[in-house]
Number of protein chains: 2
Amino acid sequence: MRILLVEDDQRIRQDVTTALEAAGFVVDAEANGEEGWFLGDTETYAAAILDLGLPGMDGLTVLKRWRAEGRDFPVLVLTARGAWAERVEGIDAGADDYLPKPFRMEELVARLRAIIRRSGGQANPVVIVGETELDTRQMRLTVRGVPVNLSPQEYRLVAYLMLHKGRVVPQQELSEHLQSVHFERESNAVEVLVGRVRRKLPTALIETRRGFGYIVNEPDGSS
Amino acid sequence: MRILLVEDDQRIRQDVTTALEAAGFVVDAEANGEEGWFLGDTETYAAAILDLGLPGMDGLTVLKRWRAEGRDFPVLVLTARGAWAERVEGIDAGADDYLPKPFRMEELVARLRAIIRRSGGQANPVVIVGETELDTRQMRLTVRGVPVNLSPQEYRLVAYLMLHKGRVVPQQELSEHLQSVHFERESNAVEVLVGRVRRKLPTALIETRRGFGYIVNEPDGSS
DNA sequence: TTGAAAATGACAAAACGCTGACAGACCCGA
DNA sequence: TCGGGTCTGTCAGCGTTTTGTCATTTTCAA
């Protein structure tokens, strides 16, 4: 389930991204209004989270344009505390729900799930690839129904790859997502991690694309 | 189960808080309307108890604002004796029930439970996981029909986990829900609590997901 | 064939959660 | 009001798991 997040505050963007990914969503995070609008216009999302105060293009404008073009994915609007006018405008512009800052991550996730469900999509917390099943609610990976005992880091790795299945994920992207502020120069931490995960899995889930990164794919699929 | 109480009368506020805590709720008590509104707007509550005559911001206004923003937790309104007009207004503004002062604490608690249940939050007062049964009405946990003697805090822990069964609950979320005043600091209070509960239970109900949190699951269940 | 990329095994430090002990707060009955 | 019991958070210690690094070997694509 792919979510578009448009939020200029670096800190909030990071926190929300982390929380959503932990909740099993795939997140495209964007700081700039113009860029965000473009993504929402060209990509397919289950929902969008939109901050109203944005550089580039104002959040309200972004929302209005989407709606004007017939993009009907649900949109959750983030507003500053007490900004009544904004909220009303947001609803008028076609927002499905709004959340005043500051908010709790837990609530954000709950509301997001709510609007997705309401919109007919289903916020399914389970990702299936071949015989492997990832349950993001239970944070558990099972192969042929048998649970696999993974360490936190290992779980995050598999979860990230599975949530991005069908796409080659560069090593650097992985290491960025596995530890927030952890840019290494020459570390093979990811390789070691992949190795450990593979040893625990009875099937060949993670494929290596030498020189590019790793990918999790449907058994038949190709890319 | 967390309740917001907005009531300016110091005495009543104290009494109600005591009664609710005795009934197993976690209470955030607030005297000022503005502050109460803010809390209801930003925090997550199972229900709110709202006095209509408030300093700062009138109770009705508080309620209307919550509803205008889509806060749909149930609200129990306290009114002065014989103030019929107020009650009608309260209902119109989105109150779920009202209680004229003076009232008996038992009745307050009963009505509060009623509106929480009615709100669909927890329609069923009984949650069953394997051989363990949680009766939220009696605030009792039984295993194979045998009641388990739990302290209030221990009960809340088990109740929260059981009400969220099948989902990994992070430690932080637990401590947020177990304490009305939440001090963000590193403490192993939750771990200690979990340990105490486990010692009292004959079965392995609470599972640890190292690095993530705790989870209560159906014995066989995987989804 | 060859050199870079990836996999592997070993290791030590760090992180994490569990436990027992303890002390202050609180409650209740005498 | 006093005294004992309960509840709850803190702390330090402990064992286990986790994780990054390094050295080395293997693999792969040009």
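Computed from a prediction, not measured in an experiment: that's the story for all the values here. Residue numbers start from 1 in every chain, and the chains themselves are labelled A, B, ... in the order their sequence lines are given, proteins ahead of strands.
The pair B:D8-B:R13 fails the salt-bridge criterion, with no side-chain N (NZ, NE, NH1 or NH2) lying under 4.0 Å from an Asp/Glu carboxylate O. Under 4.0 Å is where a charged nitrogen must lie from a carboxylate oxygen, and between A:E131 and A:R144 at least one such pair does. Under 4.0 Å is where a charged nitrogen must lie from a carboxylate oxygen, and between B:R209 and B:E207 at least one such pair does. Salt bridge status for B:E154 with B:R199: absent, with no side-chain N to carboxylate O gap under 4.0 Å.
If you find the closest nucleotide of DNA chain D to B:N188 and to B:P152, the one lying nearer the 5' end belongs to B:P152. Toward the 5' end of DNA chain C, the nearer of the two residues A:G211 and A:R196, judged by each one's closest nucleotide, is A:G211. Each of B:Q171 and A:F212 has a nearest nucleotide on DNA chain C; the 5'-most of these lies closest to A:F212.
Straight-line distance from the CZ atom of B:R209 to the P atom of D:dT16: 21 Å, rounded to whole Å. Counting to the nearest Å, the C1' atom of C:dC18 and the CZ atom of B:R199 are 9 Å from each other. Between the C1' atom of D:dT27 and the CZ atom of A:R198 lies a distance of 12 Å, rounded to the nearest Å. Rounded to an integer number of Å, the gap from A:I206 CD1 to C:dT8 P is 12 Å. For B:L193 and D:dT10, the CG to P distance is 12 Å, given to the nearest whole Å. Atom CD of B:E191 is separated from atom P of C:dA15 by 15 Å (rounded to the nearest Å). The CD-P distance, from B:Q172 to C:dG17, rounds to 13 Å in whole Å. B:Q153 has its CD atom 5 Å from the P atom of D:dT8, to the nearest Å.
At C:dC18, one or more side-chain N or O atoms of B:Y214 fall inside 4.0 Å of OP1 or OP2 (strictly under the cut-off). For C:dC18, the OP1/OP2 oxygens have a side-chain nitrogen or oxygen of B:T208 closer than 4.0 Å. Considering only side-chain N and O atoms, B:S151 lies under 4.0 angstrom from the phosphate OP1 or OP2 of D:dT8.
Rotation axes derived from the C1' atoms of the five outermost pairs at either end of the helix from C:dT1-D:dA30 to C:dA30-D:dT1 lie 40° apart, to the nearest 10°.
Using a 4.0 Å heavy-atom distance criterion, B:V192 is classed as a base contact.
At distances below 3.5 Å, at least one donor-acceptor pair connects side-chain atoms of B:E7 with backbone N or O atoms of B:D9.
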Before you tell me yes or no, could you show the steps for A:R11 and A:Q14 under side chain to side chain donor-acceptor pair (under 3.5 Å), namely the whole-Å CA-CA distance, both residues' side-chain angles and the distance that decides it to 0.1 Å?
CA-CA 5 Å; A:R11 172 76 187 284; A:Q14 187 52 56; over 6 Å; no

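No hydrogens or angles were tested; on distance alone, nothing pairs the side chain of A:R210 with the base of D:dA29 as donor and acceptor under 3.5 Å. Between the side chain of A:N149 and the base of D:dT17, no donor-acceptor pair under 3.5 Å is found.
Between B:L205 and the options B:V129, B:V197, B:V148, a side chain to side chain contact (heavy atoms under 4.5 Å, CB included) holds for only B:V129.
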